[in-house]
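Encoded as structure tokens, the structure appears first; notes follow it.
We name chains A, B, ... by the order of the sequence lines, and we start the count at 1 in each one.
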Amino acid sequence: MARYFAGRLGQSILLVWLVLTITFFLLHLAPGDPMARYDDPEMDPETVEMMRRQFGLDRSVPEQYARWISNFARGDFGISLRYNRPVSELLAGAVPNTLRLTVAALAVYMILGVALGVTSAAKKNSLFDRVGTLAALVVYSIPSFWLALMLIMLFSLKLGWLPSSHMQSIDALSLGALELFRNRAAHLILPAFVLGVASAAGMARYMRGSMLDELRRDYVRTARAKGLSEGTVLMKHAFRNAAIPIVTIVGLSIPFLLGGSVVTEKIFSWPGMGSLMVESIFTRDYPVILAINFIVSVMVILGNLLADLGYALLDPRIAFSGEEGER
Amino acid sequence: MPEELLKIEDLRTVFRTEAGTARAVDGVSFTVGRGETVGLVGESGCGKSVTALSIMRLVTDPPGRIEGGSILFEGRDLLGLSEKEMRKVRGNEISIIFQEPLSSLNPVFTCGEQIREAIALHQKLGRRKSKEKTIEMLRLVRMPDPEKRYSSYPHQMSGGMRQRVMIAMALSCQPKLLIADEPSTALDVSVQAQIIELLAELRVGRNMAILLITHDLAVVAQMVDRVVVMYAGAVVEESPVEELFGSPAHPYTKGLIDSLPRLGRRLERLPMIPGNVPDPLDLPEGCRFSDRCQARFEKCATEPPLFDLPGGRLARCWLCEGGDG
């Protein structure tokens, strides 16, 4: 097992390096210049030139790359070209916010997706199943920005039940602990739902299919022949098997959630990595873009690693290479 | 004849398919006495397994459906029970062993857990007690090293061991009737004999009736008391085992027995029954076996009833009309 993970770690480091290197050169290939926003008659060209030198933007691209990667390897993400503050400081503010949103969306995605999928499979061809199938298709096809706007219109403007943007109210700091928690939870509901629901629709379809596959198997017949209740047959015997392929899908969906968070954060003015990423791309803030890229790559790789672990945990037939599998 | 335990009357199970309605079990009647071993034989596709699943009410609906008849178990009609009442019968009073032990066991639970679950359910035992009972059952079916095997997964066992697990599971609640659906077919030949011997041995002293479903007449000769021969969804002959092998009444049974290899008989080729089992979607008019039968004559155009023969035998053939075979 240890050897397996050592191998995976090596692969992952290589992968992250590759992703970052490609991003680095792509960024420099793309038109635009971080200093372009100082193209202003009021601005002294010499000052701009000085800043350019200060940030090392006057050097050749390979030189910049060498400097950047060696700093990066030592854990120095550099200085934001836009805010003139260390990138790590900017990230320290944004990453936890994004994680909060993504984890909440993941919960919406898993709970809603699994519950709908399993129920549809259990009541195959019932009204619930048909309506669910149609609803899943509709939700899956709706662009998330539009869904977000509609939900804001309904729940924030018309009904006034939920806040439309930001992570907490302006006066949040004056609230007690419980009130603050409730305030933040209320702010979380709409964005987490928007981010999670489209994937949940996909998940419900996978889950339904996977459950139906399992319900056809001989061991399900054996479980029924033992006299077990239909609930036990479904939730213990079939579900455990049906969950195995689903774990992989959850692992693969993490990049989608992180990608989706860019749009969602922007719409709900959520001060997270997604918003920061969008701004940084517009202003060619290279160090920030690269650092966010790094974090996203690590999260995706971690997600896949967790999926593999979950896989092995659920399926006793899987032995990690190097471990002895009894046959 | 022992007291009646199971009495199936005019059982009809159909499968609705796109191509039409397949009458897989078409008016089957037979009985199994307390502690008796009855063999249900016939070629693949003749409705043996569907009959077994119908008794357990495990036919998948849709497409399958029990359309009529009755299945009296100790006088109670199983077809009239609620699903909840039926669950108390399954695995408790009637158990079943399937043909393919690997796919019949859940791959993600240990074998011990899968047996323990049934014991805990029907005998209302706690985790520790039911585990002890499970290990006892594993020992009973001659599982080597039962304590250790309790925590083995199905994929870590051999085919024979898996079938022992299935048998332990089926017998764990002392059922009055065990349905064994081709219990040895999927196993190696050497293991087949062991499993059949184990079953024969375990029924002694338990007063457990066995409905042994098989197409292997050698197994039938070895362990059953009475044989029910099925063909194309219907019973064509019923007879005590010695008489069946001694003087088969139905031409189909004759064909089955003639196609068995025998010591002291040298032939270039084993005789076989020409043709195939008819499609249950499209059963022939009259006698179902007529298009494959060597002894066919005019009367076979109408379906024969089951004729009573001496010695409590039954046969569905016009040749047996008049009762003397």
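Counting heavy-atom pairs closer than 4.5 Å to chain A, the top-ranked of the candidates M86(B), H122(B), K88(B) is H122(B).
Contact of the R317(A) side chain with the Q156(B) side chain is not registered, since no non-hydrogen atoms from C-beta on lie closer than 4.5 Å. Residues L228(A) and R87(B) have side chains not in contact (no heavy-atom distance under 4.5 Å, counting atoms from C-beta outward). Side-chain contact check for R221(A) versus F98(B): some heavy-atom pair is nearer than 4.5 Å. Side-chain contact between L105(B) and T222(A) is absent, with no heavy-atom pair separated by less than 4.5 Å. Side-chain atoms of R90(B) and K226(A), non-hydrogen and from C-beta on, never get closer than 4.5 Å to each other.
There is no contact between E93(B) and chain A, counting heavy-atom distances below 4.5 Å. No part of S95(B) comes within reach of chain A, as not one of its non-hydrogen atoms sits under 4.5 angstrom from that chain. No part of I97(B) comes within reach of chain A, as not one of its non-hydrogen atoms sits under 4.5 angstrom from that chain. Residue contact with chain B, scored on non-hydrogen atoms closer than 4.5 Å, involves the side chain of I244(A) exclusively. For a residue to count as touching a neighbouring chain, one of its non-hydrogen atoms must lie under 4.5 Å from one of that chain's; by this rule K236(A) touches chain B with backbone and side chain alike.
The CG atom of D218(A) sits 9.5 Å away from the CG atom of L102(B) when rounded to the nearest 0.5 Å. Here the straight-line distance linking atom CZ of F109(B) with atom CG of N241(A) works out to 7.5 Å at 0.5 Å rounding.
Nearest heavy-atom pair across P107(B) and P316(A) is O-CG, 3.4 Å.
Looking at Q114(B) and H237(A), their side chains never bring a donor and an acceptor atom within 3.5 Å of each other.
Between the N106(B) side chain and the Y219(A) main chain, no donor and acceptor come within less than 3.5 Å of each other.
More than 12 heavy-atom neighbours from other residues, nucleotides or ligands sit within 6.0 angstrom of CZ on R12(B). Shown here is F181(A), whose CZ atom has no more than 12 heavy atoms of other residues, nucleotides or ligands within 6.0 Å. Around OH of Y140(A), the count of heavy atoms belonging to other residues, nucleotides or ligands within 6.0 Å does not exceed 12.
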